[in-house]
Amino acid sequence: SSVGNSPAALMDNILAGRSGIRLIDQYELPNHPSRIAAYVTDIPTPEGWDEAEFQAFPRWKRMLLSGTVAALRDAGLWEDRHTRRIGLVL
């Protein structure tokens, strides 16, 4: 999220009153009146993944993979993910 990439970081930032809302400076938006967003600037490479290979993926794919891997690890399902039927709804 724009305020943290782990449950601990998210809670620390929320409890400290930090906002993830900021000016959009990653790209130009000439046809949009809003210039603020809760933009995710840092998408962490999942543990055990090759950094360069992961960073070569498009931004949307890095966001999807990073969040999915984190969710499966947090749920204790990462190690046996190949033996389960797991779906993803976006």
Side-chain angles (χ1 to χ4, degrees):
S1 89
S2 62
V3 286
N5 290 319
S6 70
L10 178 71
M11 291 307 296
D12 287 347
N13 286 321
I14 289 172
L15 292 174
R18 296 184 192 103
S19 173
I21 309 258
R22 60 183 64 91
L23 287 174
I24 299 170
D25 60 2
Q26 301 292 320
Y27 44 85
E28 294 295 321
L29 295 171
N31 298 321
H32 296 278
S34 177
R35 299 287 184 253
I36 60 171
Y39 192 80
V40 178
T41 56
D42 178 40
I43 303 170
T45 300
E47 180 183 328
W49 290 49
D50 180 74
E51 177 81 22
E53 182 180 318
F54 185 77
Q55 294 302 321
F57 290 139
R59 181 175 173 73
W60 67 267
K61 191 171 188 176
R62 291 191 324 255
M63 180 85 74
L64 178 75
L65 288 170
S66 182
T68 301
V69 170
L72 289 172
R73 287 186 193 277
D74 287 349
L77 300 173
W78 180 254
E79 296 305 322
D80 64 345
R81 68 192 178 280
H82 299 296
T83 64
R84 295 181 174 265
R85 294 182 59 159
I86 298 173
L88 175 66
V89 177
L90 296 176

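Computation of the quantities below employed the complete heavy-atom set of this structure, encompassing side-chain atoms and omitting hydrogens, waters and symmetry-equivalent molecules. Bear in mind that the values here come from a model prediction, so they are computed numbers and not experimental data.
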Could you state whether Ile43 and Leu64 fall into the same hydrophobic cluster, counting links through intermediate Ile, Leu, Val, Met, Phe, Trp or Tyr residues with side-chain heavy atoms under 4.5 angstrom apart?
no
Flag, side chain of Asn5 to backbone of Pro44, donor-acceptor distance under 3.5 Å:
no
Provide the closest heavy-atom pair for Thr45 versus Glu51 in the form atom of the first, atom of the second, distance.
OG1-OE1, 3.0 Å
Is there a path of hydrophobic side-chain contacts, each under 4.5 Å between heavy atoms of I/L/V/M/F/W/Y residues, joining Ile21 to Leu23?
yes
Which heavy-atom pair separates Gly20 from Ser2 by the least distance, and what is that distance?
CA-OG, 3.4 Å
Is there a donor-acceptor contact under 3.5 Å from the side chain of Arg81 to the main chain of Trp78?
yes
Side-chain donor/acceptor of Arg22 to backbone N/O of Ser19, under 3.5 Å
no
With hydrophobic residues grouped by side-chain heavy-atom distances under 4.5 Å, do Val69 and Leu77 end up in a single group?
yes
Exercise: identify the closest heavy-atom pair between Ile24 and Leu29:
CD1-CD1, 3.5 Å
Do side-chain atoms of Arg73 reach the backbone of Pro46 as a donor and acceptor pair under 3.5 angstrom?
no
Using the rule that Ile, Leu, Val, Met, Phe, Trp and Tyr join whenever any side-chain heavy atoms are under 4.5 Å apart, tell me whether Met63 and Tyr39 fall into a single cluster.
no
Distance-minimising heavy-atom pair for Ala9 and Gly4:
CB-CA, 4.0 Å
Classify the ring geometry between Phe57 and Trp49 as parallel (under 30°), tilted (30 to 60°) or perpendicular (over 60°).
perpendicular
Which atom names give the shortest non-hydrogen contact between Gln55 and Arg62, and what distance separates them?
O-NH1, 3.5 Å
OG/Ser6 to CG/Asp12 distance, rounded to the nearest 0.5 angstrom?
7.5 Å
Shortest non-hydrogen pair, Leu10 vs Ser1, comes out as CD1-OG, 3.5 Å
If you measure from CG on Leu72 to CD1 on Ile86, what distance do you get to the nearest 0.5 Å?
5.0 Å
